[in-house]
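One structure is given here, and the rest of the page talks about it.
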Amino acid sequence: MWNNFDISRTKIEKSFENEPLAEGIEKGILINNTLDFFETDGTFSSQKMRAVSFILENASLDKQLDNIFAFRINHATVMSRVLNEQTAKYFDVCLDNEKARLRDSFAMRPNMDFSHIAPDWKYLLEKGISGVIEDLSTYDDTNGYYAERIAVYKSVINYFLRYARIYEKIGTDKSRFVADNFYTLATSAPKTMAQAMQLLLCIHTISTYVDTVVVRSLGGLDRLLYPFYVSDLKSGDFTVEQLDEIIKYFFWNISCYKVLANMPFYICGTDDDGNDATNELTFRLLQNYRELDIYDPKFHVMYHDKIDDRVVDIVLEMIREGKSSFVFANTNIIEKSLMKIGISDKDAKRSIIYGCYEPAAEATEVPSTCAGFINFAKALEFALYNGFDVMKDIETSIKTGENFEDFDSFYNAVLKQIEYLTVSCMDSIKSFEKHYHNVCPSFIISPTFKESRQSGIDIYSGGAKYNNTSIVGVGIATLVDSLMAIKKMVFEEKIITLDYLKKVLLSNWELDTELKNKVKNKYNKFGNNDAEADQFSIDVYNKFAKLINNKPNGRNGVFRMGMFSIDWRFFLGKWTAASADGRLNGEALSKNTSATTGQDKSGVTAYLNTLLKLNSTECVDGYVADVVLHNSAVKGEKGMLAFKSLLLAFIKNGGLTVHFNVLTPEALIKAQKEPEKYKNLQVRLCGWSVRFIDLTKFEQDEFILMAKNGL
């Protein structure tokens with residue numbers, strides 16, 4: 001069965017185009033029978049428990065003759081439908097008219113966040129499913145918590161046994177390998193690296209798509225799998241070459257199965273004694289990923305002072321080759337930020353990055369990293385129009401005045417709007433959190449959290465050690481650039497009045513295109529290390545952090561502040577009126593903590609210096625530096641030295657997280673015109689990597705412009 005990955009990879013990729021159809025009831029019957037459980041007597045938790053177990057024991061499973069892993073289940077998205085219905089139900093209950101208007105205006109968006117979480121992978125790999133059941137069985141069960149979770153975990157075992165029988169019947173060497181792995185997982189903890197990987201894939205799939213608690217990290221993959229790697233070699237059952245092939249199958253499954261897309265894990269970091277956790281497997285993971293030339297899964301490189309320097313060199317070389325699926329995270333800053341919200345030194349040292357770049361304490365904290373976000377540009381819009389939403393044509397926010405004698409009074413109105421939106425968002429989330437137990441109790445992840453196991457309380461009912469909630473600011477550059485333009489044009493140069501500016505903006509800049517060009521090209525912007533512009537970002541950032549960090553939430557935890565936009569900037573921008581930075585009605589807001597596209601004209605060093613003026617330890621939920629470099633800047637030995645120096649200068653001066661795109665505008669333009677010739681061209685888009693050809697024309701044009709400005 002070995003030495004055939006290169007032959008199998010195309011067949012595996014094609015097999016993922018079809019739904020899982022091996023052994024199971026028809027999809028329509030599955031949906032109807034699953035929904036029936038929510039019409040029966042009992043609590044919502046007991047109804048969901050029966051529904052999850054039913055899907056695991058009856059839904060169609062996957063069968064791939066060329067694969068050594070199996071995990072797909074035809075869940076028919078029925079549980080996602082239930083989650084959406086429950087969420088909508090409690091939105092209606094919790095949001096009064098005032099907060100509903102704010103939410104509908106896309107000024108603030110409170111959410112119920114049951115994602116950006118992961119099991120305690122170390123515990124799961126050590127115990128196995130049967131071990132978790134054994135642990136849960138030792139507790140007195142007064143409220144049914146343990147019985148419900150034991151029932152689901154027993155259904156996971158039946159899911160493993162179903163798979164084992166399917167692959168045993170096929171009768172090939174490869175299928176027997178798969179069957180034997182499932183038989184082991186049904187009765188004990190994993191014993192080999194392949195079995196450990198199989199467990200990771202299955203638990204991710206089950207939790208995310210059946211239990212609807214979205215797993216957004218595979219944990220520290222090098223340290224989690226290293227004991228199995230060493231044991232496999234020591235036993236003589238596997239060679240290094242065979243383990244390399246298993247790694248390739250593992251990565252290839254994640255890459256091909258699109259619902260696993262953007263699945264990250266981390267490497268390096270430190271062990272419990274503060275030593276570098278890099279090991280031999282770290283390098284095998286990197287090498288095999290490099291050979292595959294894929295953009296999923298994602299690597300988070302947990303940087304610290306003692307990191308093996310070879311890792312940094314290899315990752316930078318891979319980025320220089322066009323592999324953009326890497327984020328460098330500063331563990332020193334992450335630990336300090338987590339401790340600021342009450343997380344112990346020991347727990348903070350065991351940190352993880354969920355999703356794109358959101359730090360948390362691994363296996364002790366539920367961070368709800370995307371529970372709400374604030375549209376900074378909309379706050380400025382409300383300040384300009386005295387609480388009126390010009391896109392919705394309705395009075396929406398508080399009145400903060402119309403006639404401003406000086407810039408400071410206008411700026412204070414903007415800050416008051418930000419405060420009002422933030423507090424409203426927090427109040428809404430706290431109302432939501434009272435109902436989490438009736439929306440999405442966790443049956444897969446909760447039993448792996450020690451405190452939840454011991455207390456018999458679900459992680460979404462406050463059962464974790466740290467039950468926190470995150471709110472994110474969106475469009476910082478759009479806000480800062482607009483403030484700079486208003487300050488200069490209206491209050492210092494006095495070339496226009498505020499009333500005239502409002503008329504121009506209401507015309508979507510058609511009334512004065514010359515003024516629009518002046519705004520775009522003259523005034524200082526965020527991301528250029530300009531003291532005046534950067535002071536606005538510092539002020540807003542610090543005020544936002546003060547409003548959020550350590551304020552009590554609705555689950556016996558606290559709120560955490562973040563500063564990123566991912567793809568929210570598109571739909572938030574769609575409902576935001578033209579802004580004073582030259583942006584048009586409906587255009588996207590600025591990305592993450594990046595400068596507005598095309599406005600970081602002073603180079604990458606100036607951009608990073610702007611970010612370094614922000615106290616990274618206040619950004620508990622994370623931010624990222626988006627760096628686009630022209631490939632000529634990092635070419636050759638001197639280029640690599642400059643590349644590494646740039647990274648280390650940012651990290652060692654207090655930067656939080658950073659990712660890089662090394663591009664040429666020429667290559668991007670060609671890829672836009674002839675996509676069939678550039679199918680493997682990768683770019684890092686917000687928190688994930690994608691093929692350039694899969695982007696929208698707008699996004700492609702943004703990257704082309706950034707590549708032209710790259711230094």
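Owing to the predicted nature of the structure, the values given are computational and were not obtained by experimental measurement.
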Quick one: do the [X] and [Y] side chains pair a donor with an acceptor below 3.5 Å?
X: Thr610; Y: Asp534; answer: yes
X: Ser424; Y: Arg103; answer: no
X: Thr657; Y: Asn330; answer: no
X: Asp481; Y: Thr596; answer: yes
X: Glu358; Y: Ser470; answer: no

>> Going by the rule salt bridge (charged side-chain N to carboxylate O under 4.0 Å, His left out), which residues pair with Asp113 if we only count those two or more places apart in sequence or in a different chain?
In response: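 Not a single residue meets the salt bridge (charged side-chain N to carboxylate O under 4.0 Å, His left out) criterion with Asp113.
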
Among all residues two or more places apart in sequence or in another chain, which pass the side-chain hydrogen bond (donor to acceptor under 3.5 Å, both in side chains) test with [X]?
X: Ser351; answer: none
X: Lys340; answer: Thr617, Glu618
X: Thr593; answer: none
X: Glu362; answer: Tyr266

>> My understanding is that only residues two or more places apart in sequence, or in another chain, count here; which of them pass ring pair (Phe, Tyr, Trp, His ring centres under 6.0 Å) with Trp575?
In response: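 Testing Trp575 for ring pair (Phe, Tyr, Trp, His ring centres under 6.0 Å), a comparison that skips the adjacent residues, returns Phe106.
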
> What distance separates Thr605 OG1 from Asn528 CG, expressed to the nearest 0.5 Å?
Replying inline: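 One gets 12.0 Å once the value is rounded to the nearest 0.5 Å.
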
>> Which residue in the set Ile319, Asn661, Val604 passes side-chain contact (heavy atoms from CB on, under 4.5 Å) when paired with Leu629?
In response: Val604

Would you say the side-chain atoms of [X] pair up with the backbone N or O of [Y], donor to acceptor, closer than 3.5 Å?
X: Ser590; Y: Ala477; answer: yes
X: Ser207; Y: His204; answer: no
X: Asn508; Y: Asn585; answer: yes
X: Arg216; Y: His116; answer: no

> Would Arg560 and Glu365 pass as an ion pair if we require N to O under 4.0 Å?
Replying inline: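 Glu365 and Arg560: salt-bridged.
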
> Are more than 12 heavy atoms from other residues, nucleotides or ligands located less than 6.0 Å from atom CG of Asp427?
Replying inline: yes

